[in-house]
Amino acid sequence: IIFSLRIKTTRNDKSFQIGQIFYMKLLSRLILKLIGWKLDERVPETQRYVMIGYPHTSNWDFILGMMAKWAMGLPVNWVAKHSMFWGPFKPMFIAMGGVPLNREKTTGFIQKNVELFAQREHFILGLMPEGTRSKTNHWKTGFYHIAHGANVPIALAYMDYKNKVIGIGEVIETTGDIHADFETIKIFYQDKTG
């Protein structure tokens, strides 16, 4: 975690930042290997996409997800419930790419993110479509509407605890037919075990 934070130095030294990223990537890969996890690195060629993560069943998902993010060198901005961002964790999580979301107060979340995609050449937005670690029979559809509205693909990230594989699998383009696209996504995730 320390390596992921932007450390301000008195000299504006880009080589320090490059070295910091290199060592974080190396360390994350080593830790994942030591605990028996393999990386699936089918990273999209584009620099702008929505990445969803499924299944989300454990607090360990966050730790493993951050390790995979660092190991693959992905500058993902991830969204989580605002209650995670308290005390000393708030600046740390924000420095790690976290974006707090208050589900009770947030309005215009989809449109704000569509606009962010329009303004940036490089933007990866990570979301958990279940919106919770508890068992649920439905997904929130915001990720789909953001991707479709911004005309960017959806990268299907996953954690398969059974096979100890983590990473990005397929990438899909939205068609505007949410039901058909959700079926495609469902087929990809059907053999992934939380």
Checklist entry - Okay, side chain of Asn77, backbone of Phe123: is any donor-acceptor separation there less than 3.5 Å? => result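 Between the backbone of Phe123 and the side chain of Asn77 there is no qualifying donor-acceptor contact (under 3.5 Å).
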Next on the checklist: Between Phe109 and Ile146, is the side chain to side chain contact (heavy atoms under 4.5 Å, CB included) condition met? List the steps.
Outcome noted: CA-CA 9 Å; Phe109 176 75; Ile146 292 168; 3.8 Å; yes
Checklist outcome for this item: Between Trp78 and Phe62, the two heavy atoms sitting closest are CH2-CE1, 3.5 Å
Item to check | Hphob cluster co-occupancy, Leu30 + Ile63, side-chain heavy atoms under 4.5 angstrom | outcome: no
Checklist entry - Which value, rounded to the nearest 0.5 Å, describes the distance between Tyr161 atom OH and Thr193 atom OG1? => result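 Here the rounded value is 11.5 Å.
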Item to check | Whether Tyr189 side chain and Ala157 backbone form a donor-acceptor pair below 3.5 Å | outcome: yes
Next on the checklist: If I compare all heavy atoms of Val43 with all of Met72, which pair ends up nearest, and what's the gap?
Outcome noted: CG2-SD, 4.0 Å
Next on the checklist: Return the CD1 to OG1 distance between Ile154 and Thr184, rounded to the nearest 0.5 Å.
Outcome noted: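 Rounded to the nearest 0.5 Å, the CD1-OG1 separation comes out at 10.0 Å.
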Checklist entry - Under a single-linkage definition using a 4.5 Å side-chain heavy-atom cutoff for Ile, Leu, Val, Met, Phe, Trp and Tyr, are Leu127 and Val171 assigned to the same hydrophobic cluster? => result no
Checklist entry - Is Leu125 linked to Ile172 within one hydrophobic cluster, defined over Ile, Leu, Val, Met, Phe, Trp and Tyr using a side-chain heavy-atom separation of less than 4.5 Å? => result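 They do share one cluster, since a chain of ILVMFWY contacts under 4.5 Å joins Leu125 to Ile172.
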Next on the checklist: Using every non-hydrogen atom in the two residues, find where Ala71 and Ser28 come nearest and quote the distance to one decimal.
Outcome noted: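 Reported closest heavy-atom pair: N-CB, 3.7 Å.
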Next on the checklist: I'd like to know if the side chain of Lys38 and the backbone of Gly167 have a donor-acceptor N/O pair within less than 3.5 Å.
Outcome noted: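 No; zero donor-acceptor contacts below 3.5 Å.
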Item to check | Least distance between heavy atoms, Ile110 atom then Gly142 atom | outcome: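 Taking every non-hydrogen atom into account, CD1-CA, 3.9 Å.
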Checklist entry - Where is the tightest heavy-atom contact between Pro44 and Ile168, given as atom of each residue plus distance? => result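 Minimum heavy-atom contact is CD-CD1, 4.2 Å.
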Next on the checklist: Please identify which of these residues, Leu156, Ile187, Ile185, meets the side-chain contact (heavy atoms from CB on, under 4.5 Å) condition with Glu170.
Outcome noted: Leu156
Item to check | ring-ring contact (aromatic ring centres under 6.0 Å, His included) evaluation trace for Tyr144 with Trp139 | outcome: CA-CA 10 Å; Tyr144 183 88; Trp139 284 6; over 10 Å; no
Next on the checklist: Tell me whether the count of non-hydrogen atoms from other residues, nucleotides or ligands lying under 6.0 Å of NZ in Lys90 goes above 12.
Outcome noted: no
Item to check | Lys33 vs Arg29 side-chain heavy atoms within contact, under 4.5 Å | outcome: no
Next on the checklist: Pair Tyr23, Trp70 - check ring-ring contact (aromatic ring centres under 6.0 Å, His included), show working.
Outcome noted: CA-CA 10 Å; Tyr23 286 114; Trp70 295 324; over 10 Å; no
Checklist entry - Are Leu64 and Leu32 side-chain neighbours, meaning at least one heavy-atom pair lies under 4.5 Å? => result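 Yes. Closest side-chain heavy atoms under 4.5 Å.
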Next on the checklist: Whether the side chain of Arg48 engages the backbone of Val152 through a donor-acceptor N/O pair (distance < 3.5 Å, no angle test) should be reported.
Outcome noted: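 Not at all, since once roles are kept as given, no pair shorter than 3.5 Å links the two residues.
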Checklist entry - Rounded to the nearest 0.5 Å, how far apart are CG of Asp181 and CD of Glu173? => result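 If I round to the nearest 0.5 Å, the distance is 10.0 Å.
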Item to check | Shortest non-hydrogen contact between Pro153 and Thr46, atoms and distance | outcome: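 Looking at all heavy atoms of both residues, the shortest contact is CG-CG2, 3.9 Å.
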Checklist entry - Would Met67 end up clustered with Leu34 when hydrophobic side chains under 4.5 Å apart are linked, directly or stepwise? => result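 Cluster IDs for Met67 and Leu34 differ.
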Checklist entry - Which distance, rounded to the nearest 0.5 Å, do you find between the NE2 of His179 and the NZ of Lys186? => result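 It is 12.5 Å, given to the nearest 0.5 Å.
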Item to check | Ring-face cation contact, Phe143 with Lys140, 6.0 Å cut, 45° max | outcome: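 Not flagged: Lys140 not positioned over aromatic ring of Phe143.
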Checklist entry - How many angstroms lie between atom OH of Tyr49 and atom CG of Leu74, to the nearest 0.5 angstrom? => result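 Between atom OH of Tyr49 and atom CG of Leu74 there are 4.5 Å.
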Checklist entry - Can you tell me how far the CH2 atom of Trp37 sits from the CG atom of Asp160, to the nearest 0.5 Å? => result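 Answer rounded to 0.5 Å: 7.0 Å.
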Checklist entry - Are any side-chain N or O atoms of Asp40 and backbone N or O atoms of Ile166, one a donor and one an acceptor, separated by less than 3.5 Å? => result no
